[in-house]
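Here the structure comes first, spelled out in structure tokens, and everything after it is commentary.
Both counts, for ligands and for their atoms, begin at 1 and track the order of listing.
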Amino acid sequence: MKSYVELVTVPSRDNNSTLLMLHFDEKRYVFGQVAEGTQRMLGQNMVKMNRISDIFLSGKTEWSSTGGLTGLLLTMGDAKAIRDLERQQQLERKQAKYAVANPDGSMSNPYPPPPEPKGLTIHGGKNILSTMATTRNFVFRENSGINFHEYDFLEGSVVFKDDFVTIRPLRAFPRQGSSTMTVEENRLREIEDIDLGSREQLKNIVDAMWNGQPGSLQVGKDDEDYVISLVTRLKEDEQRQRNEKAGSSALPNKDHDRDIESESPPKRLKLNSDQAKGDKEPSWDGILEASETGRPIPEFSASRPLRRPWPATYTRSLPGTIPSTSALSYMISIAQVRGRFRPDIAKKLGVKPGPDFRILTDGGSVTLEDGTIIHSTQCLDPPRLVNGIAFLDIPDENFLESTIEEINVWKEERKNNKENYAVSLWVWAVGPNIETNKRLLDYIDTLDGQHMINSPTSPFQDMSLKDSAAQATRLNLLDNENFPLPCPGYSHPSDVPEPEPTDKDRILRARDSLLIDVHPTQGVQLAKLRPRFDYSLVQREVKTKFGDGRYWRAAKAAHEKIAKEAAQRDPTPSAADEVELVTLGTGSSMPSKYRNVSATAVTVPGFGNILLDCGESTLNQLRRSYGQEKTADFLKNMKILYISHLHADHHLGTIAVLKAWFLRMVDTSEDISKLYLIAPSKFLNFLEEYTQIENYGLRHINFISCDSLLVASQQHPDNKKREDSQRIEELLSALPLEKIETSRAVHCRGSFTVAFTFKQPTGFKLAYSGDTRPTNGFVEIGKDCTVLLHEATFDDELRDEALAKRHCTTSEAIQAGKDMGAKNLLLTHFSQRYPKLPNIRRQSSNGDDPLCDPFMETSEERESTYIPRTKDIKVSEKRHDGPIVSKPDDENAMHIGFAFDMMRVKVKDFWKLESFIPALEELFKQEEKLDDEVSEPNENLSKGQSQDKNKKGKKKEGPTPPQPTSKRQQDKLAKKLQRRGPPQSSN
Ligand SMILES: [Zn+2]
């Protein structure tokens with residue numbers, strides 16, 4: 001049984017965590033911290049996730065080691081749903097093809113359904129169940145096969161054992177945590193806090209989140225509930241059939257379908273989809289006969305939400321808990337390896353070469369002609385040494401002594417059990433500055449095997465997201481200010497030679513995507529390392545390779561055009577000129593190689609910073625954009641953090657950003673009551689629950705719900721929550737803000753659009769769409785804004801999808817900008833189906849530039865998707881016949897730009913963005929080619945070896961090259977993930 005170790009993430013400029021994957025042919029085990037950004041790193045390193053059977057979380061149960069879990073599991077759950085569906089379809093095809101008719105007329109089938117694939121288990125320390133349960137309002141997956149196991153260390157043995165590995169968790173406690181408690185006191189405290197009843201309850205909640213059935217939980221037996229569930233089911237079936245007919249994917253787990261049920265009254269549902277056009281009134285709208293029970297169904301109110309809440313959301317409050325102080329590490333032993341087959345011995349025993357040899361090699365026995373039975377053990381070498389790997393997580397120096405003690409206890413145990421295997425690889429995932437701790441280094445000296453020390457403060461740090469960094473470097477050729485180089489302060493490899501490890505043979509340098517062959521007798525063998533990221537290499541490549549330098553020349557042409565236009569422009573400065581937007585994450589649904597999920601930083605001179613949405617890994621994106629130090633400054637001056645809605649791609653980075661803000665404030669001991677968090681009210685439940693697990697400074701944050709900023713509720717002060725209204729007044733008076741208005745978005749329940757208006761002299765006005773269909777309300781609050789940041793998830797040709805998933809197309813976003821009279825429009829939140837550039841001009845086959853013709857539909861159609869209008873809001877019905885795209889001679893036209901990750905643009909520079917488009921098109925043409933080339937498995941020592949072996953026809957073993965997910969698969973996944981869990985709709 002051959003195995004190898006892959007380092008999925010190591011501390012780098014992009015990431016602070018260590019994650020290791022242990023590969024066997026059939027199975028994968030993951031150890032370490034699943035920090036924010038993990039799934040993006042998996043994608044970058046082309047690590048296949050589908051064979052992971054267990055994830056062993058290390059360290060403390062805190063956001064820094066669990067923050068990437070929800071996003072990763074949602075993706076894995078969705079990938080499984082796709083595989084399940086494909087498997088089912090394949091089976092059906094085979095069954096149909098090979099079914100045999102029996103004499104009696106029945107059909108017999110040679111293809112029985114395969115056994116259910118095994119699920120995925122997450123093993124973690126205290127509070128892992130509580131952590132997952134706090135996300136119950138925005139996570140729901142049916143049948144994901146994902147389970148959670150929280151270690152309690154109550155029973156004597158917590159050892160995990162299967163055919164491949166034996167895993168023994170170690171639990172260390174701090175010598176003194178925040179208090180002056182001893183290791184023993186901390187241990188006792190954690191044991192005392194275990195409440196089996198609460199844990200059972202948490203387990204049920206988490207199970208319902210990941211493996212629930214929306215209709216299966218029985219609550220409220222009244223007729224209304226019954227009708228709602230029945231109607232929902234009927235509607236879902238109908239929608240599914242319709243989708244199938246229309247050729248769109250009919251995957252299980254379709255929560256966006258459920259979304260439609262949840263909020264749209266039946267009459268509007270009909271209008272919501274082109275496919276529904278011409279359909280007669282749905283049969284469930286009105287009085288129904290329930291054939292199942294014979295019970296008459298009362299009249300159904302068309303305006304009521306149809307979807308039943310997800311089961312886990314019935315739990316209003318979670319059982320209490322205290323923060324965990326323990327940190328988990330793991331001793332991993334790889335199962336015994338059978339000895340080598342000895343043909344010479346077999347021959348001597350009288351076995352003839354041929355099939356019998358094979359049987360013996362596989363561990364069977366054969367019977368000779370004379371009746372003698374030969375067992376495999378007679379002709380195999382003795383079993384080889386069992387091999388071990390250690391994964392030690394030491395969050396800070398307080399844990400060091402206790403971890404060493406735990407290792408010593410384990411050593412003793414091993415001696416008593418007479419397990420004399422060697423631990424050939426020790427991976428130390430340590431907190432800041434522990435890599436140089438003398439006690440640790442001395443202890444390492446007493447241990448055999450090879451060691452790797454991974455620390456976020458190690459002086460040598462690479463960039464891990466190399467593709468994203470390369471793209472930013474190429475964009476940098478267009479403009480140094482709008483497209484800065486990633487990771488300011490990153491030391492150039494040619495400037496700083498890679499330091500040699502102190503003890504070359506024993507201490508290994510950590511690198512992500514490093515493969516390590518952990519061989520019982522030969523020790524650790526490293527595969528070839530990927531070169532460090534190097535700006536100048538990328539730049540050279542652009543000049544020589546990219547379309548024979550065509551992109552290089554296009555970039556120069558853009559420069560010249562801008563210089564020429566600049567000379568003609570009116571130089572009168574305006575007060576809002578210096579306002580700057582940095583688009584930190586510009587992709588939708590799930591992070592991809594080139595685009596992270598939603599977040600935009602806005603810096604308003606004289607005011608401070610606003611962060612608009614905060615998808616997973618936003619803190620990392622801030623660091624990539626601003627560098628470590630300036631990120632701290634950004635956080636210090638952050639005045640408003642705004643969350644538009646509770647889809648995972650818009651808020652999973654919040655805890656990390658708030659904690660970094662909090663630590664920064666504690667650090668400087670400045671007044672810390674000045675950050676306002678504006679979010680849908682439900683978000684506060686999550687934040688409050690999570691404070692039980694970890695203190696991230698919530699009590700210093702002023703929460704204002706988006707609901708209380710609705711124009712209507714501001715006009716009727718009686719209806720406002722008093723606390724919120726006080727805070728709003730406080731916020732407006734403390735900051736040079738004239739008003740903040742929200743308006744309901746047409747997307748999921750509790751989603752909002754927003755507009756910030758600043759006091760004079762800036763007079764700057766910023767409008768942000770969040771995710772939405774076009775709405776009148778947003779046009780109203782965004783009137784005459786200086787900058788409109790608008791989602792444009794889909795190309796115009798995918799309008800059906802935009803309707804179904806309630807997003808905007810490019811043209812619809814542009815139209816919204818025109819309706820508002822916006823001066824500058826920045827388009828963002830692009831579907832990950834276009835990982836790099838949205839379709840700018842693809843539709844110009846008829847000679848029309850789509851940017852000049854945003855009317856892809858009649859105004860009636862457009863209206864039908866608007867939220868029902870209130871009488872006092874007027875819709876702008878005027879047609880805009882002129883070109884939208886700004887012309888140099890028309891400085892009043894709306895300037896339009898397309899956002900890229902880490903792009904920054906000042907208000908005064910918006911007009912430049914359009915000049916970049918021809919060069920951008922050239923760039924992405926070339927990048928696409930490049931991607932096709934590198935999606936071949938990369939040549940790599942270890943991987944190469946395994947390919948050779950496979951060629952020889954040997955049983956497949958050893959490192960297998962990770963295969964890139966196929967384009968089709970990615971596309972499917974992207975499609976699927978558009979439906980990422982919306983918030984529930986219980987009230
Ligand atoms: Zn959304």
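For S644, the side-chain hydrogen bond (donor to acceptor under 3.5 Å, both in side chains) partners two or more places apart in sequence, or in a different chain, are D613. Residues meeting the side chain to side chain contact (heavy atoms under 4.5 Å, CB included) test with K639, sequence neighbours left out: F607, L735. The side chain to side chain contact (heavy atoms under 4.5 Å, CB included) test applied to S617 returns E36, N596, N620, not counting sequence neighbours.
Ring pair F924/F900: centre-to-centre distance below 6.0 Å.
Ring-plane geometry between F148 and W210 is classed as tilted, the angle between the planes lying from 30 to 60 degrees on a 0 to 90 degree scale. Ring-plane geometry between F778 and H790 is classed as tilted, the angle between the planes lying from 30 to 60 degrees on a 0 to 90 degree scale.
Take the Zn ion (ligand 1) and draw a sphere of radius 2.8 Å; the protein N/O/S atoms inside it number 4.
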